[in-house]
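Here the structure comes first, spelled out in structure tokens, and everything after it is commentary.
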Amino acid sequence: MWDLLGWSVLMGILSGWGQEPPPVKPVQPLAWEELALFSLPHPPEPMIEKTVANYLQNLYQFGVSTSSQGLWFASDWWTFADHRGTIPQSAASLTKIATSLAALETYGSDYQFVTRVKHTGVIAGGVLEGNLIIEGGGDPFFVWEEAIALSNRLNELGIQMVTGDLIVTGDFFMNYQQSRQTSAQLLAQGLNFQRWSKEVEQQYAKLPSETPRPQVAIQGEIRVQPNANFADATSLIQHQSLPLSQILQQMNIYSNNKLADLIARSVGGVETVEKIVIAATGVSPEEVQLINGSGLGVDNRLSPRAVTKMLRAIDEKVKSEDSKIREILPVSGIEVGTVRDRAIPQGIAVKTGSLFNVSALA
């Protein structure tokens, strides 16, 4: 049957040979085909370059050398103005844009770090007769509030006292401290309200009024075993961090240097941050020269073009994940952080950078 059908179609085509074809009617263009959808936008107005020139001249009159300035204004189509735009300059906290991009490329904006809590021994009458084990998963934003929430959960599970040790393993960092031993000591303090300092009390006061005061007292030692394997221990809790986008926003709003360095560490260190940024932006390695993830120190150097391309790469990345760049960066007009009281039109996602001799804005 397939052969017969095939031949009938073929014969239908062949039967037209030798005959004059009917005249072809011209196709009427559709309305959208007449629109200039694919024409380039108008080229930059000369006024933009003139404005930049005036800006540099004003700085010069205040005694600021134009050779110490770098500017790059660009869109998807045009470079509007360029003054030493490909030459790396001290970037200060604009370095955090590089750290943000590297983290987003590594994890994605919805990623959550996991801290696992386990125990040995038995739980009876509010007492854990064994060790309490904390397996860090690299959460850079484990702070007093996290310790309070974790301790309240342990109370709900029937633990108010641990007769054994508090053992910290893996990548566990508390209050932005890179020292695991310091982080472990801070955690033990946060777990037990009777050991709270004034700082912990201040953070607790910001929590919902119904939040209980937790108590998990550690009777044993506080130990750090970075590479220990506790596969035989019993799992209690898997504590998830805030989504990465919210962690990055907190880092950028307050320009938190310690948090930025922990995030850079989590993706593999500053060299990895550089490689990710260069791959994502296509700029030359000379335009991305970093010594840490925070921008603390004049030796963190970025070109204005590299910074602009990083912002664009972040924008494209978060858009692909149904997010917005304003969920990563501070927005002008908010009443907190580094953009507070700045003479910038409201509603713009920006990042500032300041050192004793550096002032930067993206």
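- A salt bridge is absent between Arg312 and Glu316; no separation between the charged side-chain nitrogens and carboxylate oxygens falls under 4.0 Å.
- Between the Gln249 side chain and the Arg326 main chain, a donor and an acceptor come within less than 3.5 Å of each other.
- With a 4.5 Å cut-off on side-chain heavy atoms, Ile123 and Val127 do not count as touching.
- Under 3.5 Å, the side chains of Ser93 and Ser255 contain a donor-acceptor pair of N or O atoms.
- Using modelled atom types, no side-chain atom of Asp315 and backbone atom of Leu311 make a donor-acceptor pair closer than 3.5 Å.
- Test Phe141, Phe142, Phe173, Tyr107 against Phe113 for ring pair (Phe, Tyr, Trp, His ring centres under 6.0 Å) and you get one pass: Tyr107.
- Side-chain atoms of Asp165 never come within 3.5 Å of backbone atoms of Ile222 as a donor-acceptor pair (strictly under, hydrogens ignored).
- Between the side chain of Thr169 and the backbone N or O of Pro226, at least one donor-acceptor pair lies under 3.5 Å.
- No donor-acceptor pair closer than 3.5 Å links the side chain of Asn175 to the backbone N or O of Ser183.
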Problem set entry | Trace of the side-chain hydrogen bond (donor to acceptor under 3.5 Å, both in side chains) decision for Arg301 with Gln89 | CA-CA 5 Å; Arg301 304 176 70 83; Gln89 303 267 13; 4.8 Å; no

For this session: I would like to know whether His239 and Glu146 meet side-chain hydrogen bond (donor to acceptor under 3.5 Å, both in side chains); could you show each step before the answer?
Result: CA-CA 9 Å; His239 179 81; Glu146 309 298 313; 2.7 Å; yes

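- Panel note: side chain Ser100, backbone Lys96; a donor-acceptor pair is recorded below 3.5 Å.
- Tyr204 and Trp144 have their aromatic ring centers separated by at least 6.0 angstrom.
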For this session: Report the C-alpha distance between Arg180 and Asp171 in whole Å, list the side-chain angles of each, state the deciding distance to 0.1 Å, and finish with yes or no for salt bridge (charged side-chain N to carboxylate O under 4.0 Å, His left out).
Result: CA-CA 8 Å; Arg180 290 183 175 89; Asp171 289 329; 2.6 Å; yes

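- Gln112 contributes a side-chain N or O that, together with a main-chain N or O of Ser241, makes up a donor-acceptor pair within less than 3.5 Å.
- Remark: Glu201 engages Arg213 in a salt bridge, criterion side-chain N to carboxylate O under 4.0 Å.
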